[in-house]
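Worksheet for the structure shown next.
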Amino acid sequence: MRIAIYPGSFDPVTCGHLDILGRALGLFDKVIIAVAKESTKQSVFSVQERVVMLCEVTRDMPKVTVDAFEGLTINYAKRVGAEVVIRGLRAMSDFEFEFQMALMNKKLEPSIETVFLMTQSDFSFISSSAIKSVVSMGGTVAGLVPVQVEEELKRKYFG
Ligand code: COA
């Protein structure tokens, strides 16, 4: 069985993430979405809230599981028997950071590959921060995040 992990902060999950996930599902038998517990970023949703939202939006995807992890991504990948780390690329600006991270991960664990998938152009301008910023100022993000996620965001910002 070919297992991949799709790590990230997912604060919150967007349609861009789901696009990458959908494509990864065509390539692997199982994809584990791995929510990083540690981040340098100030998060809006707790790790638990992010995991719950991800579980909801992937409910109809039997090959997907959702988990949270601490420490090095590559150690988590080894622990769950994954051979591949999936990362999405949106624009050239993602490349430098992703390249550095992939090489560091390769150095730490040569047996695990990073596979990059290009985000569909409709979603290439989205980031979780941009989504949060739009919602917090009363704008709509319909079509850019799953409906449940937009509702959760509105609840966070406006109660
Ligand atoms: N569509 C829309 N947005 C996308 C996207 C896509 N396909 N892919 C990424 N993004 C956005 C995310 O929403 C996020 O937006 P934000 O910065 O506004 O929150 C941004 O791009 C960064 O994406 P993400 O995948 O969440 O990266 P990250 O930097 O938050 O997480 C980890 C990266 C968790 C995988 C990385 O830090 C890590 O591996 N940490 C563990 C420690 C470790 O192993 N370190 C060694 C590595 S060198």
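Both ligands and their constituent atoms are indexed starting at 1 by order of listing.
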I'd like to check which ligand 1 atoms, numbered from 1 as shown, lie under 4.0 Å from a non-hydrogen atom of Met104. 48 (S)
Does any part of the side chain of Glu38, heavy atoms only, come nearer than 4.5 Å to the side chain of Glu70, both counted from C-beta? yes
Which one of Ile86, Thr65, Val64 satisfies the side-chain contact (heavy atoms from CB on, under 4.5 Å) criterion with Ile32? Thr65
So the atoms of ligand 1 within less than 4.0 Å of a heavy atom of Gly71 turn out to be 41 (C), 42 (C)
Quick one: do Glu152 and Arg155 make a salt bridge, cutoff under 4.0 Å? yes
Could you identify the single nearest non-hydrogen protein atom to atom 19 (O) of ligand 1 and state the distance to 0.1 Å? Lys41 NZ, 3.1 Å
Over 60° means perpendicular and under 30° means parallel, so tell me whether Phe10 and Tyr6 are parallel, tilted or perpendicular. perpendicular
Among Ser128, Ala36, Ser93, which residue places a heavy atom closest to atom 15 (O) of ligand 1? Ser128
Tell me the nearest of Met101, Glu98, Gln100 to atom 37 (O) of ligand 1, using heavy-atom distances. Met101
Atom 9 (C) of ligand 1 - nearest protein heavy atom and its distance: His17 NE2, 3.9 Å
Got Leu27 and Leu117 here, is their nearest side-chain heavy-atom distance under 4.5 Å? yes
Quick check on contacts: which atoms of ligand 1 are under 4.0 angstrom from a heavy atom of Gly8? 25 (O), 26 (O), 31 (O)
Among Lys37, Arg50, Lys41, which residue satisfies the salt bridge (charged side-chain N to carboxylate O under 4.0 Å, His left out) criterion with Asp11? Arg50
Protein contact of atom 40 (N) of ligand 1 - nearest heavy atom, named by residue and atom, plus distance: Thr73 OG1, 3.7 Å
Is there a polar contact, in the sense of an N or O pair closer than 3.5 Å, between Ile126 and ligand 1? yes
Sole candidate of Arg87, Arg2, Lys106 that passes salt bridge (charged side-chain N to carboxylate O under 4.0 Å, His left out) when paired with Glu113: Lys106
Would you indicate which of Leu72, Thr119, Val145 comes nearest to atom 46 (C) of ligand 1 when only heavy atoms are counted? Leu72
Between the main-chain N or O of Ile3 and the side-chain N or O of Asp29, is there a donor-acceptor pair closer than 3.5 Å? no
Contact between Ser39 and ligand 1, counting heavy atoms under 4.0 Å? no
Flag if over 12 foreign heavy atoms under 6.0 Å of CZ, Phe99: no
I'd like to check which ligand 1 atoms, numbered from 1 as shown, lie under 4.0 Å from a non-hydrogen atom of Ile20. 7 (N)
Please confirm whether Asp11 comes under 4.0 Å of ligand 1, counting heavy atoms of the residue only. no
Write out the residue and atom name of the closest protein heavy atom to atom 6 (C) of ligand 1, then the distance separating them to 0.1 Å. Gly16 C, 3.6 Å
Among protein heavy atoms, which lies nearest atom 18 (O) of ligand 1, and at what distance? Ser129 OG, 2.3 Å
Closest non-hydrogen atom pair, Leu21 against Met61: CD2-SD, 3.7 Å
Polar proximity ligand 1 side, Arg87 side, N/O cut 3.5 Å exclusive: yes
Report yes if Arg90 has an N/O atom closer than 3.5 Å to an N/O atom of ligand 1; otherwise report no. yes
Show the atoms of ligand 1 that are less than 4.0 angstrom away from any heavy atom in Thr14. 1 (N), 2 (C), 3 (N)
From the options Thr114, Leu108, Ile5, select the one residue that forms a side-chain contact (heavy atoms from CB on, under 4.5 Å) with Ile74. Leu108
